[in-house]
Participant: 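There's a structure below that I have some questions on.
If you read the sequence from its start, that first residue is 1, and numbering goes on from there.
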Amino acid sequence: MRQRTPVSEIMTRNIVALTKSDDLEKAETLFKRNKIRHIPVVSRDMIIGMLSYTDLMRISYAETSSKFENTVESVVYNMFTIEQVMVKDVVTISSDTTVKEVTKILATREFHALPVVDNDTLVGIITTTDLLNYYLEQF
């Protein structure tokens with residue numbers, strides 16, 4: 001295993017992102033369509049927040065087995081904005097941060113994704129799944 005592998009070699013570059021003017025229904029659609037659990041919230045190319053699928057589920061009744069499930073979700077989603085639900089103080093890393101450093105950050109913090117930012121511009125995202133896949137490839 002290489003000791004100084006930069007995160008740029010394994011990060012996701014094809015970023016799915018939201019803006020604070022998007023709604024939570026759009027967020028849920030993006031989560032499900034792209035099979036992802038974290039979406040950066042941007043203003044232009046600058047990150048201003050992070051929304052996780054867990055954040056969204058905390059405010060919804062998505063697990064309701066009622067035949068009115070979609071109506072309930074819509075009502076709840078309309079009560080909140082992306083800006084109210086997203087994490088605002090986002091920890092970011094640069095693309096030259098090593099995989100080892102990223103692993104340490106994610107192992108000691110309460111989140112599972114880090115936006116990758118170079119020169120104030122969002123260039124990628126790295127998740128615990130990306131790291132696990134990287135480590136699996138090494139063995």
Side-chain angles (χ1 to χ4, degrees):
M1 190 175 325
R2 294 182 299 156
Q3 293 293 315
R4 307 270 323 146
T5 303
V7 74
S8 60
E9 290 188 21
I10 66 168
M11 70 184 188
T12 299
R13 294 175 187 275
N14 200 8
I15 305 165
V16 174
L18 292 163
T19 66
K20 66 182 181 180
S21 63
D22 289 325
D23 60 38
L24 294 173
E25 287 185 65
K26 178 178 180 178
E28 182 178 27
T29 299
L30 290 174
F31 281 123
K32 290 179 178 179
R33 181 184 309 140
N34 296 286
K35 297 179 180 165
I36 56 177
R37 293 174 290 160
H38 306 89
I39 300 177
V41 182
V42 297
S43 176
R44 297 189 182 97
D45 287 332
M46 293 181 65
I47 186 151
I48 58 169
M50 193 75 148
L51 184 68
S52 74
Y53 191 64
T54 303
D55 296 331
L56 191 62
M57 291 299 98
R58 281 189 190 121
I59 64 160
S60 75
Y61 298 109
E63 299 302 319
T64 303
S65 59
S66 163
K67 65 180 179 179
F68 301 109
E69 177 179 315
N70 290 336
T71 305
V72 171
E73 283 179 19
S74 294
V75 169
V76 171
Y77 287 166
N78 290 332
M79 293 171 58
F80 297 96
T81 65
I82 295 278
E83 195 168 18
Q84 289 173 312
V85 180
M86 72 182 190
V87 171
K88 293 175 184 76
D89 296 325
V90 181
V91 174
T92 65
I93 57 168
S94 66
S95 61
D96 61 353
T97 305
T98 66
V99 169
K100 182 178 180 180
E101 291 172 290
V102 171
T103 302
K104 284 181 185 178
I105 293 168
L106 293 177
T108 59
R109 303 297 291 262
E110 294 288 321
F111 41 82
H112 300 279
L114 287 168
V116 182
V117 176
D118 287 336
N119 301 317
D120 294 326
T121 300
L122 181 66
V123 296
I125 187 169
I126 184 82
T127 68
T128 51
T129 301
D130 297 325
L131 289 172
L132 289 171
N133 288 331
Y134 169 76
Y135 289 123
L136 282 172
E137 287 176 11
Q138 303 305 306
F139 295 104

Participant: Roughly how far, to the nearest 0.5 Å, is CG of L122 from CZ of R44?
Facilitator: 15.0 Å

Participant: Taking all heavy atoms of I47 and all of P40, pick out the closest pair and write down the distance.
Facilitator: CD1-CB, 3.8 Å

Participant: Can you list everything that forms a side chain to side chain donor-acceptor pair (under 3.5 Å) with D118? Sequence neighbours excluded, please.
Facilitator: S95

Participant: Identify which one of K32, K26, R33 satisfies the side-chain contact (heavy atoms from CB on, under 4.5 Å) criterion when paired with T29.
Facilitator: R33

Participant: Tell me the ring-ring contact (aromatic ring centres under 6.0 Å, His included) pairs involving residues 102-126, sequence neighbours left out?
Facilitator: none

Participant: Tell me the ring-ring contact (aromatic ring centres under 6.0 Å, His included) pairs involving residues 86-105, sequence neighbours left out?
Facilitator: none

Participant: How many angstroms lie between atom CZ of R4 and atom OG1 of T98, to the nearest 0.5 angstrom?
Facilitator: 5.0 Å

Participant: Side-chain heavy atoms under 4.5 angstrom apart, residues restricted to Ile, Leu, Val, Met, Phe, Trp, Tyr: same cluster for I126 and V99?
Facilitator: yes

Participant: Do you know the tightest heavy-atom contact between I48 and S43?
Facilitator: CG2-CB, 4.0 Å

Participant: Please determine whether side chain to side chain contact (heavy atoms under 4.5 Å, CB included) holds for the pair I82 and T19, giving the CA-CA distance in whole Å, both sets of side-chain angles, and the decisive distance to 0.1 Å.
Facilitator: CA-CA 8 Å; I82 295 278; T19 66; over 6 Å; no

Participant: Drop me the distance from L106's CG to T128's OG1, to the nearest 0.5 angstrom.
Facilitator: 6.5 Å

Participant: Applying a strict under-4.5 Å side-chain criterion to I, L, V, M, F, W and Y, I'd like to know whether V16 and V42 cluster together.
Facilitator: no

Participant: With Q84, which residues qualify under side-chain contact (heavy atoms from CB on, under 4.5 Å), at least two apart?
Facilitator: F80, T81

Participant: Looking only at side-chain N and O atoms, does N119 offer a donor or acceptor that is under 3.5 Å from a partner on T121?
Facilitator: no

Participant: Do V116 and M46 belong to the same hydrophobic cluster, where Ile, Leu, Val, Met, Phe, Trp and Tyr are linked whenever their side-chain heavy atoms lie under 4.5 Å apart, directly or via other members?
Facilitator: no

Participant: Excluding sequence neighbours, so at least two apart, what forms side chain to side chain donor-acceptor pair (under 3.5 Å) with R58?
Facilitator: D55

Participant: Which heavy atom of L18 sits nearest a heavy atom of L30, and at what distance?
Facilitator: CD2-CD1, 3.5 Å

Participant: Which residue pairs pass the ring-ring contact (aromatic ring centres under 6.0 Å, His included) test with at least one member in residues 5-43, sequence neighbours excluded?
Facilitator: F31-Y53

Participant: Please output the side-chain donor-acceptor pairs of residues 85-92 that fall under 3.5 Å, not counting sequence neighbours, one pair per line with the distance.
Facilitator:
| from | atom 1 | to | atom 2 | distance (Å) |
| --- | --- | --- | --- | --- |
| K88 | NZ | E83 | O | 2.7 |

Participant: Side chain of D23, backbone of E25: donor and acceptor closer than 3.5 Å?
Facilitator: yes

Participant: Taking it one step at a time, do L24 and I59 satisfy side chain to side chain contact (heavy atoms under 4.5 Å, CB included)?
Facilitator: CA-CA 10 Å; L24 294 173; I59 64 160; 3.4 Å; yes

Participant: Who are the side-chain contact (heavy atoms from CB on, under 4.5 Å) partners of N133, not counting sequence neighbours?
Facilitator: T129, L136

Participant: Measure the spacing between CD1 of I93 and CD1 of I125 and express it to the nearest 0.5 Å.
Facilitator: 10.0 Å

Participant: Return yes if some donor-acceptor pair links the side-chain N/O of R13 with the main-chain N/O of S8 below 3.5 Å, else return no.
Facilitator: yes

Participant: Closest approach of V123 and I15, non-hydrogen atoms and distance?
Facilitator: C-CD1, 3.5 Å

Participant: What pair of heavy atoms forms the shortest contact from A27 to I39, and how long is it?
Facilitator: O-CD1, 4.0 Å

Participant: Sequence neighbours left out, what passes salt bridge (Lys or Arg N to Asp or Glu O under 4.0 Å) with K104? Give chain and number order.
Facilitator: none

Participant: Mind checking what makes side chain to side chain donor-acceptor pair (under 3.5 Å) contact with D130, not counting sequence neighbours?
Facilitator: T127

Participant: Who are the side chain to side chain donor-acceptor pair (under 3.5 Å) partners of D45, not counting sequence neighbours?
Facilitator: none

Participant: Please collect all ring-ring contact (aromatic ring centres under 6.0 Å, His included) contacts where either partner lies in residues 7-27, sequence neighbours excluded, each pair once.
Facilitator: none

Participant: Between K20 and V41, what is the shortest heavy-atom contact and its length?
Facilitator: N-CG1, 3.7 Å

